[in-house]
Amino acid sequence: MSILLADIDTGATAWVLISTALVAFMTPGLAFFYGGMVRSKNMLGMLMQNFFAMGLISVIWAAVGFSLAFGGSGQYIGNLDFIFMKDLAKIAELPGYTGDFGLVIPILAFFAYQMMFAVITPALITGATADRMKFSAYAVLIGVWSILVYPIVARWVFSPNGWLFKRGALDFAGGAVVHINAGAAALAVVLVLGKRRGWPRDAMPPHNLPFTMLGTGILWFGWFGFNAGSALGANGLAAQALVNTHLAAASAMLVWLVVEKLRAGHATSLGAASGAVAGLVAITPCAGFVGGASPIIIGAVAGAVCYLCLSLKTKFGFDDSLDVIAVHLVGGIVGAMLLGVFADTAVNSLGADGLFLGGGASLLGDQFIAVVATLVFSFVVTGIAAIAIDRTIGLRVSTEDELIGLDQSQHAETAYQS
Amino acid sequence: MSILLADIDTGATAWVLISTALVAFMTPGLAFFYGGMVRSKNMLGMLMQNFFAMGLISVIWAAVGFSLAFGGSGQYIGNLDFIFMKDLAKIAELPGYTGDFGLVIPILAFFAYQMMFAVITPALITGATADRMKFSAYAVLIGVWSILVYPIVARWVFSPNGWLFKRGALDFAGGAVVHINAGAAALAVVLVLGKRRGWPRDAMPPHNLPFTMLGTGILWFGWFGFNAGSALGANGLAAQALVNTHLAAASAMLVWLVVEKLRAGHATSLGAASGAVAGLVAITPCAGFVGGASPIIIGAVAGAVCYLCLSLKTKFGFDDSLDVIAVHLVGGIVGAMLLGVFADTAVNSLGADGLFLGGGASLLGDQFIAVVATLVFSFVVTGIAAIAIDRTIGLRVSTEDELIGLDQSQHAETAYQS
Amino acid sequence: MSILLADIDTGATAWVLISTALVAFMTPGLAFFYGGMVRSKNMLGMLMQNFFAMGLISVIWAAVGFSLAFGGSGQYIGNLDFIFMKDLAKIAELPGYTGDFGLVIPILAFFAYQMMFAVITPALITGATADRMKFSAYAVLIGVWSILVYPIVARWVFSPNGWLFKRGALDFAGGAVVHINAGAAALAVVLVLGKRRGWPRDAMPPHNLPFTMLGTGILWFGWFGFNAGSALGANGLAAQALVNTHLAAASAMLVWLVVEKLRAGHATSLGAASGAVAGLVAITPCAGFVGGASPIIIGAVAGAVCYLCLSLKTKFGFDDSLDVIAVHLVGGIVGAMLLGVFADTAVNSLGADGLFLGGGASLLGDQFIAVVATLVFSFVVTGIAAIAIDRTIGLRVSTEDELIGLDQSQHAETAYQS
Amino acid sequence: MKLITAVIKPFKIDDVKDALKTAGVQGMTVTEVKGFGRQGGHTETYRGAEYQIDLVPKVRIELVVDDSVANNVVDVIRQAASTGKIGDGKIWVTAVEQIVRIRTGEQGSDAI
Amino acid sequence: MKLITAVIKPFKIDDVKDALKTAGVQGMTVTEVKGFGRQGGHTETYRGAEYQIDLVPKVRIELVVDDSVANNVVDVIRQAASTGKIGDGKIWVTAVEQIVRIRTGEQGSDAI
Amino acid sequence: MKLITAVIKPFKIDDVKDALKTAGVQGMTVTEVKGFGRQGGHTETYRGAEYQIDLVPKVRIELVVDDSVANNVVDVIRQAASTGKIGDGKIWVTAVEQIVRIRTGEQGSDAI
Ligand SMILES: Nc1ncnc2c1ncn2[C@@H]1O[C@H](COP(=O)(O)OP(=O)(O)O)[C@@H](O)[C@H]1O
Ligand SMILES: Nc1ncnc2c1ncn2[C@@H]1O[C@H](COP(=O)(O)OP(=O)(O)O)[C@@H](O)[C@H]1O
Ligand SMILES: Nc1ncnc2c1ncn2[C@@H]1O[C@H](COP(=O)(O)OP(=O)(O)O)[C@@H](O)[C@H]1O
């Protein structure tokens with residue numbers, strides 16, 4: 001079988017392939033996590049937006065996305081060397097992935113793994129814009145976004161050739177590239193889109209919390225691939241990342257529930273789900289750079305901070321329907337900054353030492369720059385795109401369609417029947 | 001641990017084991033994919049038929065199926081050397097799997113992996129016969145089928161000793177063995193079984209489309225194991241198969257939605273699900289033999305062709321309830337034939353070059369023979385079996401039982417209660 | 001990457017990492033398996049208890065559980081060497097895991113894998129106590145249990161330093177540690193807790209059997225990691241364990257359905273689900289020690305015996321709501337004892353030969369001791385804990401809260417809304 | 001005006017709806033209900049235990065009609081819903097004092 | 001004949017059904033509904049926000065009975081459904097002009 | 001006493017409930033139903049086939065009130081539920097002979 005390469009590690013390849021599958025499974029998981037929280041008339045609209053991302057973004061990624069993110073030697077953007085996967089099955093190494101960063105897996109496996117990240121990132125936005133966005137506008141928005149925003153940020157942060165990577169900013173599995181990036185974009189779109197009719201006056205309770213729990217289970221499961229797969233090997237680092245991932249989710253869940261119990265009187269299942277996800281988000285940048293009890297602390301901070309940030313949306317009056325900003329944007333920032341504190345070169349010699357491990361504030365500074373750069377870039381470009389779409393085909397469904405619900409108005413379907 | 005063999009690759013083994021688990025998970029996935037589409041009174045009937053296949057077929061596979069498919073050196077059928085897994089833990093190699101085709105995984109892993117294919121294939125039939133088949137008749141039918149049909153076709157196509165394999169027909173992961181085989185069988189059974197009461201006059205809309213989407217997510221996830229696991233190694237070929245699988249699903253989804261939007265006015269979530277599955281079906285035979293942008297093209301063709309074939313059932317008046325024929329039979333044929341066009345020895349030196357890669361029409365011819373042989377054999381044998389069952393214990397529930405629904409009449413249960 | 005160790009097998013590591021993820025996914029699976037069976041007003045209560053175990057037990061495991069189970073050289077309990085994972089990333093080997101038992105995976109991977117077992121074990125109890133336990137009491141109970149019961153039994157049975165392990169008792173993946181342990185605990189708690197209001201007079205039918213089937217699918221899928229992952233390598237033994245696991249589930253399902261059909265008149269979907277789980281439970285201790293057709297026999301016995309034990313609860317008047325005792329306690333005992341009959345050193349040279357393979361009754365005797373020791377220890381300690389909690393904060397919700405349901409009374413939520 | 005309430009078997013709803021349309025009825029309201037009656041219920045089996053479920057799924061139709069057509073509508077429903085088997089259901093009629101169309105405020109026959 | 005409609009607490013449905021059977025009632029129709037009343041609702045919590053849910057789950061029973069037994073049936077329901085706590089519900093009675101058994105076409109008392 | 005039954009558009013339930021509260025109504029019972037009427041239904045698409053769904057989701061409200069306030073309550077509902085678009089629904093009124101509060105056994109106006 002001609003494409004077998006001599007220096008490929010089959011264990012690493014097995015792990016990255018299954019991690020790819022796990023990350024791919026997260027988008028359906030996300031669909032149910034969010035879908036359970038909307039009203040039943042918008043259920044299919046939510047599922048559809050997420051599944052559709054799997055279709056559209058994957059093809060865009062193959063066509064240009066990967067190449068823009070990982071082609072060539074530019075610091076700010078890739079090139080078009082790899083459009084439609086050109087040469088990926090043949091080349092010996094990917095630009096920048098040499099020496100310490102050399103891959104021990106087939107480049108196509110790396111391509112596939114990264115593709116799943118590119119898919120789920122814009123899908124995160126659907127939680128903020130729930131219940132009122134036109135399907136056609138959504139399709140255009142995430143299409144544009146996957147060319148103009150995602151690959152650029154991925155280049156900066158993930159590629160060893162990117163300027164933030166070179167500066168020393170660390171992001172093991174996408175705290176900035178995925179969560180801050182999507183969270184900032186969500187904020188921009190929500191500001192252009194406006195509030196749901198009736199918000200915040202009317203209660204819009206979740207229509208099927210079991211589906212939200214199911215989604216949480218799938219997300220948690222998939223996140224092992226998301227974070228531990230980012231080791232790109234089947235080794236102690238992957239094991240460490242997996243342990244960190246799980247413990248951060250666990251501790252964030254506990255802290256969220258405690259804070260919730262104290263402030264709102266009950267520990268809720270939605271709180272358990274939300275806390276776990278907040279912890280998973282926060283540990284994402286840190287997963288392969290921290291050790292010991294750090295993941296428990298990082299999760300705990302994320303659980304508390306994200307919970308407390310839920311009220312931002314009512315305070316500032318933006319209708320982030322399912323709290324993408326409090327969970328992903330805030331959680332991503334918490335993780336990125338705490339990495340500056342807890343990073344440990346004993347865990348990963350390619351990382352750095354954070355504030356608490358004697359590394360001084362320099363990593364913290366780099367992390368701060370990465371956070372701000374990602375946030376501002378994503379917010380601005382997404383905002384412009386959203387405004388452009390709104391002025392042309394319109395971002396938002398009609399009032400009538402919003403009242404009827406997206407399932408019927410956008411897709412001519414009904415979720416539940418006898 | 002005595003059964004450890006020296007020339008086993010642990011990475012390959014890890015990948016095939018997890019692929020086995022992934023394929024096993026597809027049958028529950030299929031149960032929900034189909035289950036969401038039936039009316040609620042038949043939900044458990046559908047789930048039950050699929051789960052039951054996991055029970056019955058697995059035991060039959062261990063008893064005789066595997067041996068009939070992979071034992072001995074016959075071209076048309078195996079032998080009984082391996083009944084009840086006799087010697088499988090001890091032998092050094094499987095008949096035919098030598099030289100280029102030598103396995104680097106434990107033979108029991110290969111046995112288990114193939115078992116999951118044997119399980120899901122007859123389960124595919126349940127989509128066509130939904131809502132009206134007696135549970136006892138179903139049990140007998142798939143039991144018989146798993147002895148008389150499946151292992152024979154698997155022998156012909158998968159085993160290096162099989163006549164179609166030797167001819168040069170290619171089927172990476174079961175376009176013929178699984179999809180054409182099951183699709184042809186479904187057609188035969190449906191013709192014997194007759195239409196659902198009220199079809200096509202009454203609307204019989206899906207009772208829970210979220211479950212169908214969930215099933216789609218699980219199927220897609222599992223299909224990575226189905227196709228990329230068929231590389232039987234953790235290498236570049238597996239990575240290529242995984243990439244092809246995902247991109248074909250993505251592009252078929254997009255094309256299905258576009259055609260649907262143009263012809264029926266809306267892009268539906270069921271369309272997204274159906275398109276993705278059509279793409280997955282079509283790429284199945286091709287996954288480890290094509291490269292570059294071919295999967296995108298193969299998916300696109302499958303998305304359009306399968307969509308257009310949906311109307312065959314109303315035109316010809318057979319009630320293929322959930323479109324197994326349009327999706328699996330047609331999708332399988334599309335894939336098998338396009339493989340004759342896009343196959344590329346640069347991707348897999350054990351494959352062949354198709355029409356577009358300078359290989360001439362010879363592969364296309366072999367593919368055509370494999371398609372026809374599988375289709376005719378499966379259709380005829382299944383049809384005879386279905387008629388025999390119908391004449392003896394009866395294939396179909398009574399009108400009363402059909403009206404009440406399978407859940408209550410066949411299983412004395414109710415799917416949803418407060 | 002500094003924590004890479006020379007003698008780590010990447011294939012084994014990949015397999016154990018993904019097995020860890022699979023076992024982690026089983027707890028959400030269990031949540032749905034059980035959740036589907038309760039009345040809708042208690043759905044979130046059930047889901048919450050299971051998800052909460054993922055939070056609480058994981059943190060306890062990292063803090064002290066792992067160390068109590070696997071630290072030091074004691075026969076009855078570990079020590080505190082590894083609290084908060086101290087040194088786990090650095091040490092070369094784990095106490096007891098040397099020579100034949102030497103690990104070829106990172107110790108953190110072993111830690112993570114074991115953590116998921118620690119999580120799901122107390123979660124099994126929730127099926128017995130469904131619909132009437134206070135959430136706060138549950139939290140305290142499983143917290144205490146995960147320190148006083150689980151690590152001790154794990155030490156005895158799993159650790160090569162444990163007294164039952166040293167005696168020669170075999171438990172491949174937790175027949176005693178997980179199933180008998182949880183089953184005995186469930187019985188103790190149920191006796192203290194008392195019956196559900198209205199039981200057994202009122203019918204309390206499952207509110208959503210599709211969710212139960214979904215849970216079954218996830219459990220089955222995850223069980224491949226649970227059992228085959230326990231080989232701690234990607235080799236023939238893992239393949240054998242996977243084959244055994246699947247076939248036992250399949251055959252137990254078939255036998256359960258046959259017995260059910262004969263005795264109650266119908267083969268039900270809940271029966272298929274229950275039978276499969278009974279088979280999975282019974283094969284758990286045996287998975288890596290038996291071969292040939294034994295798993296089919298073991299599954300068959302479990303299917304019949306567990307079914308027949310369902311009536312124990314009405315006979316003896318304890319309200320084991322979802323049959324944890326008939327399925328897990330009885331199924332675990334069936335598996336542990338049958339291992340004494342079918343164990344085969346040709347399958348695993350580190351095992352023993354059972355009665356049918358010429359090993360005499362000695363293994364049977366050791367298995368019996370392990371069963372009794374686990375059962376008595378778990379029952380007694382759990383019973384004391386439950387009584388203590390009942391006398392202090394109270395185990396049970398008020399009648400009013402029980403009537404309203406746990407979702408609203410404990411968590412101020414509603415599972416399903418429009 | 002009369003309010004006609006019918007409880008029928010679920011699979012008969014399409015037939016009844018079609019018959020009513022043909023008979024010129026322009027509106028009705030449909031509810032999923034459960035019925036208890038002579039038909040008895042059915043037995044369900046859960047883990048070896050059998051339960052008698054005596055509430056069976058039914059569909060409840062209600063429609064307000066003019067006095068003049070009430071008898072005819074009752075007949076139409078009866079014919080369309082009948083299978084001759086036990087459990088076919090009931091139709092009952094009560095007097096309506098007033099009816100209003102929300103959209104227009106029309107009252108009486110005009111509002112139907 | 002009378003139509004008796006009762007709105008009760010969901011967990012009381014089995015008691016009421018049993019009491020009515022004992023009292024000789026042969027049929028009724030049951031609907032899952034939500035009630036708004038003095039009982040007030042409950043508070044639900046979603047992501048830190050509290051919502052007042054003032055529609056609480058109830059079960060609605062309707063049964064047509066002969067004039068002669070109507071008062072008794074009302075009493076039977078009342079006793080079986082009562083917990084003495086707020087929110088136990090209401091029973092109301094309206095006049096039925098006609099009732100038909102779909103299966104047979106029987107009318108009046110025979111149809112009940 | 002009167003029984004007022006209203007069938008309205010689902011998204012109007014909050015408005016109607018608020019308006020009734022303001023008007024002093026203390027209780028009502030709500031059912032999810034499907035309506036067939038002039039509004040017509042909508043088309044759904046499944047795998048290329050289009051189905052006409054002529055039953056559209058509605059909410060049915062029923063409340064028993066004193067004779068004296070019945071007309072006013074009908075008006076309040078009408079105003080709160082109206083969008084002016086087809087399909088806004090109907091309100092009808094029937095006579096209630098008796099009403100009992102289950103908890104206390106109170107009857108008549110006191111029971112409402
Ligand atoms: N007295 C009644 N009041 C209200 N509904 C009734 C009454 N009797 C029967 N029903 C309804 O009619 C349905 C059919 O009644 P049943 O006695 O089973 O058969 P049949 O209609 O053939 O006499 C019941 O399921 C119930 O919904
Ligand atoms: N006027 C009314 N008309 C119709 N249904 C009512 C009315 N008042 C109350 N109900 C129903 O009765 C239920 C119980 O009423 P509520 O006022 O809460 O307590 P109680 O029955 O003890 O007076 C309500 O939830 C509602 O379903
Ligand atoms: N005659 C009737 N009897 C009972 N319900 C009716 C009747 N006519 C209409 N309805 C109910 O009212 C709803 C709205 O009626 P429709 O004719 O669509 O519009 P409008 O209320 O604007 O006249 C229907 O969906 C149905 O639920």
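By convention in this document, chain letters (A, B, ...) are assigned in the order of the sequence lines, proteins followed by strands, and residues within each chain are numbered from 1.
Under a 3.5 Å cut-off, the side chain of C:E413 and the backbone N or O of A:L270 do form a donor-acceptor pair. Formation of a donor-acceptor pair under 3.5 Å by the C:H411 side chain with backbone atoms of A:A267 is found in this model.
You'll find the side chain of C:M115 reaches within 4.5 Å of the side chain of A:L247, heavy atoms only. Residues C:I18 and A:L22 are in side-chain contact: their nearest non-hydrogen atoms beyond the backbone lie under 4.5 Å apart. Between A:N235 and C:T10, every side-chain heavy-atom pair lies at or beyond the 4.5 Å cut-off. A heavy-atom distance below 4.5 Å is found between the side chains of A:P210 and C:Y416. A 4.5 Å side-chain heavy-atom check between A:I296 and C:F84 finds at least one atom pair inside the cut-off.
Contacts of C:A21 with chain A are made by both backbone and side-chain atoms, with heavy-atom separations under 4.5 Å. C:Q49 does not touch chain A: none of its heavy atoms, backbone or side chain, sits under 4.5 Å away. Interface remark: C:M54 contributes backbone and side-chain atoms alike to the contact with chain A (heavy atom separation under 4.5 Å). With a 4.5 angstrom heavy-atom cutoff, C:F32 touches chain A only via side-chain atoms. Neither the backbone nor the side chain of C:S136 comes within less than 4.5 Å of any heavy atom of chain A. Of the atoms belonging to C:M116, it is side-chain heavy atoms, and not backbone ones, that fall under 4.5 Å from chain A. With a 4.5 angstrom heavy-atom cutoff, C:Y113 does not touch chain A via any of its atoms.
Of the listed residues (C:S58, C:A63, C:A109), the one with the most heavy-atom contacts under 4.5 Å to chain A is C:S58. The choice from A:A228, A:S40, A:A272, A:S269 that makes the most heavy-atom pairs within less than 4.5 Å of chain C is A:S269. Heavy-atom pairs under 4.5 Å with chain C were tallied for A:L257, A:L209, A:T13; the largest tally goes to A:L209. Note on A:H246, A:K41, A:M43: by heavy-atom pairs under 4.5 Å with chain C, the leading option is A:H246. Interface check for chain A: of the options C:G29, C:P28, C:A412, the most heavy-atom pairs under 4.5 Å are formed by C:A412.
Heavy-atom neighbours of chain A within the stretch residues 211-218 of chain C, taken at a separation under 4.5 angstrom, comprise C:F211, C:L214, C:I218.
If you take CD on A:Q240 and CG on C:L88, they are separated by 9.5 Å, rounding to the nearest 0.5 Å.
Considering every non-hydrogen atom in both A:G11 and C:A14, the closest pair reads O-CB, 3.4 Å. C:S409 approaches A:H266 most closely through the heavy-atom pair O-NE2, 3.9 Å. Shown here for C:L17 and A:A238, the closest heavy-atom pair between the two residues is CD1-CB, 3.6 Å.
Between C:F25 and the choices A:F221, A:W223, A:F224, A:W220, the ring-ring contact (aromatic ring centres under 6.0 Å, His included) rule is met once, by A:F221.
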